[in-house]
Amino acid sequence: MPSGRFKKILIANRGEIAVRVISACKELGIQTVAVYSEADRYSSHVRFADQAICIGPAKSARSYLDLPSIISAAEITNVEAIHPGYGFLSENASFAEVCETSGLKFIGPKPEVIRLTGVKEQARAFMRDMDVPVLPGSDGVVHSPAEALEVAGEIGYPVILKASAGGGGRGMRVVNQASDLAALYAQAQQEAAAAFGAPDVYLEKFIQAPRHIEFQVLADEHGSVEILPERECSIQRRHQKLVEESPSPAMNVRLRNQMSAVLRKAMAAAGYTNAGTVEFLMDEHGKLYFIEVNARVQVEHPVTEFVTGIDIVKAQIRIAQGERLATILRSPVELRGHAIECRINAENPETFAPSAGRITGFHVPGGMGVRVDTWAYADCVIPPFYDSLVAKLIAHGNDRQEAIRRMNRALDMFIIEGIFTSIPLHRRILAHTDFQAGRLDTNFINRLLTPEKVEAPA
Ligand code: MV4
């Protein structure tokens, strides 16, 4: 395995995250190789990289997910490392393994650690054994409806069945009463088998309207782990996050420090390296419960970068080079101000239908405390084959109020013409009383989109 500073890295991704990784490489003096599908020939990651290689047709399965094509591109261009970004092959343990056996450094956790985080009930058992709070639930996989009935009877309804190989909300079923359990168990198994190729499901107490709160982890290859301040990502629609912020309006210094301490130990014991995120649900009493680990850099990492001053992608690359965390950041990491991110998607803000096509007019906001991460430019064409994220707009302020006002003015100064975008939806979210008050939970968007009917006064 090559050690020391990298001379050249391949980015196995597209879109804004490919551009983000290229930015980090440029600042570190590392050469870059972009890979692209036939649909992305004119994408900005191709333009900004030092070299670019076409790896196949538009369909992801034959390009961005095609291991042999990507490994070949890495070998032809003589890179020492591969950055997988998020999505695509980023949490594919086999890909990380193939990189290793091909003498390429995979910029992420070790294959066996990625594999553990991918088996959700095993990750849950590991965290529980490390004194990280988990929800009451089954001890591993539930093998039959009878076993599920027994566990659910003990912990009490409602419960949720989750796919062991799942994540992102697929293969989940909420069960409100014992009489529904057998049918929903069968459904969850079927969906899990179809989506992930494994029917295994496990069971947890269901939390009605939780907050989604996650902790950013950075860990070097010498046993040092740092837990960065949390992000709140409760504003989601169909498991797609729309707005994220840091810190969480529901967090306090004591709980943050307590969680940091326990997570630091757990992630060190797991042999976790590079960047990752530990996800929690927060109940109505403000208690946090572990749900899963994401073994990759996340879309919403910029809010953490704004409040900590740490470049998370540069940290990932330096960690993979073997550098120590102590040379990358100053511990304890301090929290400065408040940051909010709006995901600008190419979609109809009312129907949420994807809106591919040509961007005819484009103006990006700037100024103090504003950051835009995007691959788009005036006259570019959004292909219909990939996810709809066109830009991330991130605003930082001295406090939440300033960050909100800054985001509002930046949304006003963001012009994207020719396609539909979620900008109007973001305006509505920011204007909502509950958002202003920091009263967030996973039902926020439903409340916004389907307001309760109010009786007209007599
Ligand atoms: C839950 C839950 C309530 N109780 N688990 C959805 C995606 C997956 N990562 C975990 N998810 C949930 N797990 C228990 N025990 C509610 C959700 C959930 C959710 C979580 C975070 C953000 C948005 C969500 C939307 C619906 C359901």
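The chain is numbered in sequence order, starting from 1. Because only heavy atoms are used, hydrogens play no part in the values below, and waters and symmetry mates are left out as well, while side chains stay in. When a ligand or atom number is given, it counts from 1 through the structure's own listing order.
For the pair E226 (side chain) and L218 (backbone), a donor-acceptor distance under 3.5 Å is absent. Of the possible donor and acceptor atoms, one in the side chain of N92 sits under 3.5 Å from a partner among the backbone N and O of F95.
Looking only at heavy atoms of the protein, atom 15 (N) of ligand 1 is closest to K205 O, 2.7 Å. Of the protein's non-hydrogen atoms, E292 OE1, 3.2 Å is the one closest to atom 9 (N) of ligand 1. The protein non-hydrogen atom at the shortest distance from atom 25 (C) of ligand 1 is H239 CE1, 3.8 Å. When only non-hydrogen protein atoms are considered, atom 17 (C) of ligand 1 lies nearest to M172 CE, 4.4 Å. Given atom 5 (N) of ligand 1, the protein heavy atom at minimum distance is K162 NZ, 2.9 Å. For atom 4 (N) of ligand 1, the closest non-hydrogen atom on the protein side is I207 N, 2.9 Å.
For R128 and D139, the salt-bridge test passes: some basic side-chain N is under 4.0 Å from an acidic carboxylate O. For the pair D131 and K265, the salt-bridge criterion is not met [side-chain N within less than 4.0 Å of a carboxylate O]. Under the 4.0 Å criterion applied to side-chain N and carboxylate O atoms, R343 and E300 are assigned as salt-bridge partners. A salt bridge is absent between K110 and E100; no separation between the charged side-chain nitrogens and carboxylate oxygens falls under 4.0 Å.
No side-chain N or O of Y64 forms a donor-acceptor pair with one of N13 less than 3.5 Å apart.
The Q236 neighbourhood of ligand 1 comprises atoms 22 (C), 23 (C), with distances under 4.0 Å to a heavy atom of that residue. For ligand 1, the atoms lying closer than 4.0 Å to a non-hydrogen atom of I291 are 10 (C).
Residues H432 and F444 bring their aromatic ring centres within 6.0 Å.
A heavy-atom separation below 4.0 Å is found between E279 and ligand 1.
Between H212 and ligand 1, a contact under 3.5 Å exists for no N or O pair.
Distances from atom 1 (C) of ligand 1 to the heavy atoms of L161, L281, N443, T442 put L281 nearest.
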